[in-house]
Amino acid sequence: MARVLVVGAGLTGSACAALLRGAALGHIVVWDKARGAGGRMSTSRSAQDAARTADLGAQYVTLEPERAGPRRSFYEELLSHGILKPLTAPIEGMVVKEGLCNYMAPQGISSVVKYYLKQSAGADVFYEQHVTHICLQDGKWEVTRKMGLPEQFDIVILTMPVPQILQLQGDIVNIINESQRQQLESASYSSRYALVLFYEAGTRIDVPWAAQYITDNPCIRFISIDNKKRNIESSEIGPSVVVHTTVTFGSKHLDSDPAEVQQLILSHLERIMPSLPKPASIKCHKWRYSQVTKAVPNFPGQMILHTQPLLICGGDGFTHSNFDGCIDSAVSLAEAVKSHL
């Protein structure tokens, strides 16, 4: 029976692990370099109070009319378990399109990823596992991480952003052929910062919207009152405000000092919302690979780098950056793995 490693506990990796349950596999292991599940669907917690949470990356999930057929069952499953609920809170500046359905996650957007990890039925999930090398050893993949001893696997599935695949060392450098490398290198991503302001219980943020798209600010593109977005009103848990910067700002300040970036964002936020109360704590996060601007061409969903043993990569870099794109890749990866068993 095969031992399978999924690198990346984001939406693609977790959904792929869930789709592989019941296949003729011996064991599935999931490694992620972060401290928790989610990837770009992560939910951040206040260091002072774990009950205060905010969606750091994706804010909500959109079902488009043309996607209603192929992936509707995934939405229906998440809705039936209460993982997703209709987004009913007012979002100013949101694109309105006939048949478009928007959903939010009451327990935070990372609950979607955690649901799929739970559905993977016995997969071992380990965090703070930063993969650095992949080498061929006696017909298996020997995978090295920054912390811990190398481990061997029969199948390795890579679901991290494409540039991080190209940064891996070991035999994988020579296994990726020149044509594949050129196609992988053609993938591109936007960058942005996310800022979360956590507030004490009882703090009031009096605005008529739950979230707002900003069109006339060089720094800020989106602001969300996270608890209002999720229709949660609590006297015991303080509100959270999430700010996403523009792509232009993110690219310009990609390697700037984080403290300076945080202060810049706060200064722009004060101009937009001058009456915003002083937060109890602040978290600033850089999304170096925020959204795919150009996917890997000619490989919809996944790319097989090596057949025996199987080394395969996927993720939104092979589709597009939304729920459907990640699920499309997860389905494609799972089907490819099953066909090689």
Side-chain angles (χ1 to χ4, degrees), residues 2-18 20 25-47 50 53 56-57 108 110 113-114 116-118 120-176 184 189 191 194 196 254-255 257-258 283-290 305-306 309-317 330 333 337:
R3 190 164 187 250
V4 181
L5 174 64
V6 178
V7 182
L11 179 55
T12 302
S14 62
C16 178
L20 286 173
L25 301 171
H27 195 60
I28 299 174
V29 178
V30 181
W31 284 356
D32 196 282
K33 69 176 184 177
R35 287 184 293 175
R40 280 162 286 165
M41 291 184 76
S42 65
T43 301
S44 181
R45 298 182 183 278
S46 164
T53 65
L56 200 58
S110 68
V113 173
K114 290 173 182 175
Y116 285 126
L117 288 174
K118 190 175 178 182
S120 64
D124 284 333
V125 185
F126 299 96
Y127 301 109
E128 297 182 277
Q129 305 295 315
H130 189 163
V131 172
T132 59
H133 293 67
I134 298 179
C135 297
L136 264 174
Q137 188 79 28
D138 301 325
K140 295 180 184 290
W141 295 113
E142 185 171 87
V143 184
T144 304
R145 54 221 158 134
K146 282 187 176 179
M147 302 288 286
L149 296 171
E151 291 191 29
Q152 289 192 343
F153 299 90
D154 300 286
I155 297 171
V156 173
I157 303 168
L158 305 173
T159 69
M160 65 270 254
V162 174
Q164 292 179 351
I165 296 170
L166 292 167
Q167 289 163 17
L168 292 170
Q169 299 298 304
D171 294 339
I172 188 173
V173 174
N174 298 317
I175 285 168
I176 298 174
L184 291 170
Y189 294 73
S191 302
V196 183
L254 191 57
D255 296 308
D257 177 72
K283 179 173 185 176
C284 187
H285 182 83
K286 174 168 62 181
W287 292 113
R288 182 176 291 273
Y289 307 112
S290 175
L305 302 177
H306 194 274
L310 182 62
L311 175 62
I312 187 170
C313 56
D316 62 347
L333 285 165
V337 170

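Quick caveat, the model's predicted, so the values are computed rather than measured.
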S.K.: Is there a side-chain contact between Lys286 and Asp255 (heavy atoms, below 4.5 Å)?
M.R.: yes

S.K.: Can you tell if the side chain of Asp154 reaches within under 4.5 Å of the side chain of Trp141, non-hydrogen atoms only?
M.R.: no

S.K.: What is the minimum heavy-atom distance between Ala330 and Cys16, and which atoms define it?
M.R.: CB-N, 3.7 Å

S.K.: Which distance, rounded to the nearest 0.5 Å, do you find between the NZ of Lys118 and the OG of Ser14?
M.R.: 14.0 Å

S.K.: Step by step, work out the side-chain contact (heavy atoms from CB on, under 4.5 Å) result for Val131 and Val156.
M.R.: CA-CA 11 Å; Val131 172; Val156 173; over 6 Å; no

S.K.: Between Trp287 and Gly39, which heavy-atom pair has the shortest distance, and what is it?
M.R.: CH2-O, 3.3 Å

S.K.: Do Asp32 side-chain atoms and Tyr127 backbone N/O form a donor-acceptor pair below 3.5 Å?
M.R.: no

S.K.: Compare every heavy atom of Ala9 with every heavy atom of Val113, then report the nearest pair and how far apart it is.
M.R.: CG1-O, 3.3 Å

S.K.: Considering the options Ile157, Ile28, Leu311, Val29, which one meets the side chain to side chain contact (heavy atoms under 4.5 Å, CB included) requirement together with Leu5?
M.R.: Val29

S.K.: Quick check for you: to the nearest 0.5 Å, what is the distance between Leu168 atom CG and Cys313 atom SG?
M.R.: 10.0 Å

S.K.: Does any part of the side chain of Leu136, heavy atoms only, come nearer than 4.5 Å to the side chain of His306, both counted from C-beta?
M.R.: yes

S.K.: Can you tell me how far CG of Leu254 sits from CZ of Arg288, rounded to the nearest 0.5 angstrom?
M.R.: 4.0 Å

S.K.: Give a yes or no on whether the backbone of Ser110 and the side-chain of Thr43 come within a donor-acceptor separation of less than 3.5 Å.
M.R.: yes

S.K.: Quick one: pull up CG in Leu166 and CG in Leu184 and give me the separation to the nearest 0.5 Å.
M.R.: 5.0 Å

S.K.: Tell me the closest heavy-atom pair linking Gly170 and His133, and the distance in Å.
M.R.: N-CD2, 3.8 Å

S.K.: Kindly compute the distance separating CD (Gln167) from CD1 (Ile172), expressed to the nearest 0.5 Å.
M.R.: 11.5 Å

S.K.: Salt-bridged, Glu128 to Lys146, with N to O below 4.0 Å?
M.R.: no

S.K.: Output the distance between atom CG (Leu117) and atom CG (Leu11), rounded to the nearest 0.5 Å.
M.R.: 10.0 Å

S.K.: side-chain contact (heavy atoms from CB on, under 4.5 Å) between Lys33 and Met160: does it pass, once the steps are laid out?
M.R.: CA-CA 10 Å; Lys33 69 176 184 177; Met160 65 270 254; over 6 Å; no

S.K.: Using side-chain heavy atoms (C-beta onward) and a distance below 4.5 Å, is Trp31 in contact with Glu151?
M.R.: yes

S.K.: Would you please test Asp316 and Arg40 for side-chain contact (heavy atoms from CB on, under 4.5 Å) and show each step?
M.R.: CA-CA 11 Å; Asp316 62 347; Arg40 280 162 286 165; 2.9 Å; yes

S.K.: State, to 0.1 Å, how close Gly139 and Pro309 come at their nearest heavy-atom pair, and which atoms those are.
M.R.: O-CG, 3.5 Å

S.K.: Donor-acceptor pair, Tyr289 side chain versus Val162 backbone, under 3.5 Å?
M.R.: no

S.K.: Taking all non-hydrogen atoms of both residues into account, name the closest pair between Lys114 and Ala37 and its distance.
M.R.: CG-CB, 4.2 Å

S.K.: Would you say the side chain of Gln152 lies within less than 4.5 Å of the side chain of Glu142, judging by non-hydrogen atoms?
M.R.: yes

